[in-house]
Protein chains: 2
Amino acid sequence: MAPSPLAQKAERTSAAESQDLQIPDSFRDLVGYYLRIAQEASFQAISKGTSAEDLKPGWYTLLTIIAENPGLPPSDISRLVGRDRSTLTSTMKLLNARGLISRRRNRADQRSYGVRLTVEGEAMLEKLRRIARAHDARLDAIVGADKAHFIAILRRIAEELGDENGPST
Amino acid sequence: MAPSPLAQKAERTSAAESQDLQIPDSFRDLVGYYLRIAQEASFQAISKGTSAEDLKPGWYTLLTIIAENPGLPPSDISRLVGRDRSTLTSTMKLLNARGLISRRRNRADQRSYGVRLTVEGEAMLEKLRRIARAHDARLDAIVGADKAHFIAILRRIAEELGDENGPST
DNA sequence: TATTGTTATACTCTATAACTATA
DNA sequence: TATAGTTATAGAGTATAACAATA
């Protein structure tokens with residue numbers, strides 16, 4: 001439950017009249033708070049760009065991972081994205097139904113299968129990549145010169161806080 | 001669907017052997033990606049600290065807003081947090097049931113009521129504040145010297161991207 | 001007619017547990 | 001026994017639409 005940024009003031013009745021409804025002072029210096037609203041805004045922006053084409057935002061991550069690790073089984077993918085393997089089943093089914101991925105039974109271990117992008121999958125990934133890049137270009141403009149430094153900080157946050165709560169498990 | 005950071009490599013079969021399963025290269029320079037994993041790590045960390053005491057992380061935001069705008073009606077609160085007002089009903093009921101807030105009918109407008117913290121609510125907010133501050137102290141240590149600059153960037157992201165997709169509505 | 005709080009409903013994302021077929 | 005993929009189910013968190021009371 002993160003307050004959205006820019007919650008325009010409501011010129012309502014009651015206390016709203018006397019006080020200028022804004023981001024509470026207590027939040028003004030909290031990194032976590034701004035981390036949240038920034039992420040939320042970014043996610044919204046990219047969702048908007050993709051949903052128009054009937055693409056789920058999460059697919060980008062998945063297709064990218066598959067593209068860079070052809071033949072990876074769902075279990076490994078789930079570990080990579082830090083989600084339980086059960087959460088991947090329906091998405092894989094969907095991606096398969098849309099012809100974006102192929103699932104090939106593993107000869108050595110009949111329990112699992114390897115996932116690969118089809119030609120359509122590559123095309124879709126390319127499309128998503130363009131959207132993501134365009135979005136990130138906007139972020140670049142906003143972030144400014146020290147993008148590398150900015151990302152380094154974000155990475156550190158993820159790594160140092162993430163150590164306790166593992167990726168999923 | 002954000003990949004968690006630090007997804008430990010899976011030494012599986014198939015492609016996993018040849019490739020070092022890691023964050024895909026394509027993500028390495030995407031601000032949005034790191035924004036996401038950092039936010040996720042931060043949220044997890046604070047969730048962990050609070051859930052132990054049976055406190056929802058989202059309550060902190062709500063209680064803070066109520067504390068800083070005593071007498072505010074739910075409608076205004078929902079606008080502030082950028083969520084639909086219907087999503088607040090159950091939480092308000094819960095907060096009320098736990099004696100953390102009081103709901104007082106508005107004399108002037110019988111449709112609405114003003115929300116205030118009770119003494120217990122203040123105490124709870126204090127507790128949450130301590131947790132949040134401790135968490136943020138860790139973030140401060142990670143972020144380093146230019147915290148102000150870092151937050152400024154996050155704010156800009158929220159504001160400039162947030163302009164298109166309004167807070168809620 | 002419009003607004004407030006509420007309810008009913010649904011959708012997304014996620015998790016846990018149990019099932020199956022392998023290993 | 002243990003693992004891979006699946007299924008069933010549940011729980012947050014959110015949204016939309018509609019309703020009663022009030023404005």
Side-chain angles (χ1 to χ4, degrees), chain A residues 1-4 10-14 16 36 39-40 43-44 47 50-51 54-59 61-62 71-79 81-96 101 103-115 165-169, chain B residues 1-4 10-14 16 36 39-40 43-44 47 50-51 54-59 61-62 71-79 81-96 101 103-115 165-169:
Chain A
M1 184 158 293
S4 260
E11 61 317 39
R12 298 280 103 238
T13 50
S14 69
R36 186 163 196 162
Q39 196 277 322
E40 204 167 283
F43 181 77
Q44 293 285 22
S47 283
T50 56
S51 68
D54 187 31
L55 317 173
K56 306 275 187 164
W59 290 7
T61 303
L62 247 22
L72 208 62
S75 279
D76 287 354
I77 298 177
S78 77
R79 268 186 286 267
V81 299
R83 300 277 114 87
D84 189 89
R85 61 201 204 286
S86 69
T87 66
L88 245 60
T89 305
S90 63
T91 311
M92 286 304 168
K93 201 183 288 184
L94 240 178
L95 291 176
N96 189 59
I101 61 170
R103 302 193 273 188
R104 209 183 307 166
R105 212 86 222 170
N106 184 342
R107 265 314 210 175
D109 185 340
Q110 291 288 300
R111 292 173 303 181
S112 89
Y113 59 79
V115 181
N165 6 285
S168 72
T169 304
Chain B
M1 183 156 297
S4 260
E11 60 319 36
R12 298 282 101 235
T13 50
S14 69
R36 186 163 196 165
Q39 196 277 324
E40 204 167 283
F43 181 77
Q44 292 286 22
S47 283
T50 55
S51 67
D54 188 31
L55 316 173
K56 307 275 187 161
W59 290 8
T61 304
L62 246 22
L72 208 61
S75 277
D76 287 355
I77 298 177
S78 78
R79 268 185 285 266
V81 299
R83 301 275 115 86
D84 190 88
R85 60 200 203 286
S86 69
T87 67
L88 245 62
T89 305
S90 64
T91 311
M92 287 302 168
K93 201 183 287 183
L94 239 178
L95 292 176
N96 189 59
I101 62 169
R103 302 194 272 189
R104 210 184 305 166
R105 211 85 224 167
N106 184 341
R107 266 315 212 174
D109 186 339
Q110 292 287 299
R111 291 172 303 181
S112 87
Y113 59 78
V115 181
N165 6 285
S168 72
T169 303

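Reckoned from all heavy atoms, side chains included, excluding hydrogens, waters and symmetry mates. Convention: sequence-line order gives letters A, B, ...; per-chain numbering from 1.
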With no angle test and no hydrogens, is the base of dT16(D) tied to the side chain of Ser86(B) by a donor-acceptor pair under 3.5 Å? yes

Would you kindly give the CZ-to-P distance between Arg36(B) and dT14(C), to the nearest whole Å? 7 Å

For DNA chain C, whose closest nucleotide is more 5', that of Lys93(B) or that of Arg85(B)? Arg85(B)

Gln110(A) versus Arg107(A), closest heavy-atom pair with distance: NE2-O, 3.3 Å

If only side-chain N and O atoms of Thr89(A) are considered, is one of them under 4.0 Å from the OP1 or OP2 phosphate oxygen of dT6(D)? yes

Taking atom C1' of dC13(C) as reference, at what distance in whole Å does atom CG of Leu94(A) sit? 14 Å

What's the separation between atom CZ in Arg83(A) and atom OG1 in Thr61(A), rounded to the nearest 0.5 Å? 9.5 Å

Can you give me the N/O atom pairs linking the protein to nucleotides 21-23 of chain C at distances under 3.5 Å, or say none if there are none?
{"unit_1": "dA23(C)", "atom_1": "OP1", "unit_2": "Gln110(A)", "atom_2": "N", "d": "2.6"}

In whole angstrom, give the distance that lies between atom CG of Asp84(B) and atom C1' of dA8(C). 13 Å

Going by the side chain to side chain donor-acceptor pair (under 3.5 Å) test, name the single residue among Arg105(A), Arg104(A), Arg103(A) that passes it with Tyr113(A). Arg103(A)

Integer-rounded Å distance: dA21(D) P and Tyr113(B) OH: 17 Å

Kindly compute the distance separating CG (Leu62(B)) from CD1 (Ile101(B)), expressed to the nearest 0.5 Å. 8.0 Å

I need the CE-P distance between Met92(A) and dA4(D), as an integer number of Å. 14 Å

Student check: side-chain heavy atoms of Pro74(A) and Arg85(A) closer than 4.5 Å: no

Whole-Å distance, Glu40(A) CD to dT14(D) P, equals 8 Å

Phosphate-side-chain proximity, Arg83(A) and dT16(C), N/O vs OP1/OP2 below 4.0 Å: no

Which distance, rounded to the nearest 0.5 Å, do you find between the OG1 of Thr87(A) and the CE of Met92(A)? 9.0 Å

To the nearest Å, give me how far apart CG (Leu88(B)) and P (dT6(C)) are. 9 Å

dA12(D) C1' sits how many Å from Trp59(B) CH2, rounded? 14 Å

Have a look at Arg105(A) and say if it touches a base, only the backbone sugar-phosphate, or nothing, with a 4.0 Å heavy-atom cut-off. nothing

